[in-house]
Protein chains: 2
Amino acid sequence: MKIGELARAMATNVETVRYYERIGMLAAPARTHANYRSYAPEQIARLSFIRRARTLGFTLDDIRELLALASDADQSCEAIDAMAVRHRDAINRKIADLTALRQQLDDVIDACSQGRVGHCRIVEALGPR
Amino acid sequence: MKIGELARAMATNVETVRYYERIGMLAAPARTHANYRSYAPEQIARLSFIRRARTLGFTLDDIRELLALASDADQSCEAIDAMAVRHRDAINRKIADLTALRQQLDDVIDACSQGRVGHCRIVEALGPR
DNA sequence: TATGCACCCTGTAGCAACTACGGGGTCAAG
DNA sequence: CTTGACCCCGTAGTTGCTACAGGGTGCATA
């Protein structure tokens with residue numbers, strides 16, 4: 001599988017795949033006669049894992065760790081579970097922060113009475129003190 | 001006011017203030033005899049605006065635009081209101097994304113039965129297909 | 001007076017996770 | 001045989017800071 005097909009299949013883009021190779025998230029694949037990258041099923045699966053974990057918000061470092069943990073099938077699931085829980089907690093904090101922030105924005109937006117900038121509540125809300 | 005006092009007052013740090021100057025968010029302030037930056041009230045107010053808008057999640061580009069709009073007190077408030085609303089919508093989308101993501105994480109965490117990695121639902125959930 | 005310490009200066013490089021470019025090679029179709 | 005879609009490499013840009021390194025300044029204390 002060439003890099004373009006792979007990228008399309010993973011809904012990512014070619015540069016990202018090459019980037020992952022450069023930083024060691026993916027092993028360098030075999031090359032065709034024309035020096036094109038040629039991906040084996042194993043590497044395709046690994047990229048799939050990486051992309052899915054990324055869309056779940058794991059960092060590349062998290063994913064390195066998850067992959068290391070996942071590579072030993074006999075190991076306990078505990079560490080992986082713990083990572084997922086930690087990550088969920090971080091997401092919960094992010095949601096809480098954004099919700100508070102939306103409330104503040106709602107407040108300034110509601111206060112805006114479509115006047116002149118000189119009396120704009122939004123501008124005032126952002127001003128000093 | 002020296003840069004250190006300013007930074008403390010704004011709960012930001014010195015490097016950030018200098019960074020804002022470098023990228024043109026803040027004008028270069030006057031200098032003391034010792035070549036120390038010396039901030040006038042106007043610039044302090046501007047930094048306050050920037051920091052408050054940043055904590056509300058506006059990007060520096062957004063803030064540049066807000067500052068430009070806010071600088072003409074006679075102008076209508078409309079454009080500023082529209083920016084705030086656009087921004088709130090973006091935050092709402094972010095909250096929705098994170099909430100969906102938390103649901104997925106909850107699912108895999110609930111499915112995890114503390115077994116071996118070979119059968120870990122989290123690993124499976126991230127795997128190909 | 002010396003000296004220590006907190007503060008200030010500049011300039012550059014690093015972070016995460018890509019994205020975009022420039023300048024070229026390869027391959028299949030028409 | 002040329003056009004277009006693909007591939008290669010290397011480097012630099014993005015956002016919003018943060019962290020040095022290697023120096024200067026200013027005030028209090030011994």
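Note that the coordinates shown come from a computational prediction; the quantities given were computed from them, not determined experimentally. A note on names: the letters A, B, ... follow the listed sequences, proteins ahead of strands, and every chain is numbered from 1. Just the heavy atoms: all of them, side chains too, but no hydrogens, waters or symmetry mates, feed the values below.
- Taking the nucleotide of DNA chain D with the nearest heavy atom to each of B:Thr59 and A:Glu5, the more 5' of the two is matched to A:Glu5.
- Between atom CD of residue B:Gln104 and atom CD1 of residue A:Ile91 there is a gap of 9.5 Å, rounded to the nearest 0.5 Å.
- Taking atom CG of A:Leu47 as the reference point, atom P of C:dC18 lies 11 Å away to the nearest angstrom.
- Within 4.0 Å (heavy atoms only), A:Ile23 reaches no atom of the nucleic acid at all.
- Distances from the side chain of B:Tyr36 to the nucleotides C:dC21, C:dT10, C:dC8 place C:dC8 closest.
- Residue A:Met25 contributes atom CE, which lies 12 Å from atom P of C:dA16 at whole-angstrom precision.
- For C:dA17, the OP1/OP2 oxygens have no side-chain nitrogen or oxygen of A:Arg18 closer than 4.0 Å.
- Checked against C:dC7, D:dC7, C:dC18, the side chain of A:Arg51 finds its nearest nucleotide in C:dC18.
- Between B:Glu15 atom CD and C:dT10 atom C1' the separation is 12 Å, expressed in whole Å.
- To the nearest angstrom, C1' of D:dT15 lies 12 Å from CG of B:Asp62.
- Here B:Arg64 lies out of heavy-atom contact (under 4.0 Å) with every strand.
- Dashed line: the shortest gap from a side-chain N or O of B:Arg22 to OP1 or OP2 of C:dC9 is not under 4.0 Å.
- Looking only at side-chain heavy atoms (C-beta outward), A:Leu98 and A:Ile95 stay at 4.5 Å or farther from each other.
- Taking hydrophobic clusters as Ile, Leu, Val, Met, Phe, Trp and Tyr residues chained together by side-chain heavy-atom distances below 4.5 Å, B:Phe58 shares a cluster with B:Met10.
- The B:Ile3 side chain lies nearest to C:dC9 when the options are D:dG16, D:dC8, C:dC9.
- At the phosphate of C:dT10, OP1 or OP2 sits under 4.0 Å from a side-chain N or O atom of B:Arg31.
- Proximity of A:Asn13 to the phosphate of C:dC18: no side-chain N or O atom is located under 4.0 Å from OP1 or OP2.
- Here the nucleotide nearest the side chain of B:Arg8, chosen from C:dC7, C:dA17, D:dG16, is C:dC7.
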Side-chain polar contacts of residues 14-26 of chain B - donor-acceptor pairs under 3.5 angstrom, sequence neighbours left out - could you list them?
| unit_1 | atom_1 | unit_2 | atom_2 | d |
| --- | --- | --- | --- | --- |
| B:Thr16 | OG1 | B:Asn13 | OD1 | 3.1 |
| B:Tyr20 | OH | B:Arg51 | NH1 | 2.6 |
| B:Glu21 | OE1 | B:Arg37 | NE | 2.7 |

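- Nearest-nucleotide assignment on DNA chain D puts the 5′-proximal partner with B:Arg54, out of B:Lys2 and B:Arg54.
- Close to D:dG16, at under 4.0 Å from its OP1 or OP2, lies no side-chain N or O of B:Thr16.
- Taking atom CE of residue A:Met1 and atom C1' of nucleotide D:dC7, one finds them 16 Å apart after rounding to whole Å.
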Exercise for the section: Check the pair A:Arg64 / A:Asp61 against salt bridge (charged side-chain N to carboxylate O under 4.0 Å, His left out), numbers first and verdict last. Expected result: CA-CA 5 Å; A:Arg64 260 185 251 269; A:Asp61 269 357; 3.4 Å; yes

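- Contact annotation: A:Tyr20 side-chain N/O to C:dC18 OP1/OP2 distance is under 4.0 Å.
- D:dT25 atom P lies 9 Å from atom CG of B:Asn35, rounded to whole Å.
- Atom OG1 of residue B:Thr99 and atom NZ of residue A:Lys94 lie 12.5 Å apart, to the nearest 0.5 angstrom.
- The nucleotide whose nearest atom lies closest to any side-chain atom of B:Asp61 is, among D:dT15, C:dC18, C:dT26, D:dT15.
- Taking the nucleotide of DNA chain C with the nearest heavy atom to each of A:His33 and A:Tyr19, the more 5' of the two is matched to A:Tyr19.
- Under 4.0 angstrom from either OP1 or OP2 of D:dC9 there lies at least one side-chain N or O belonging to A:Arg37.
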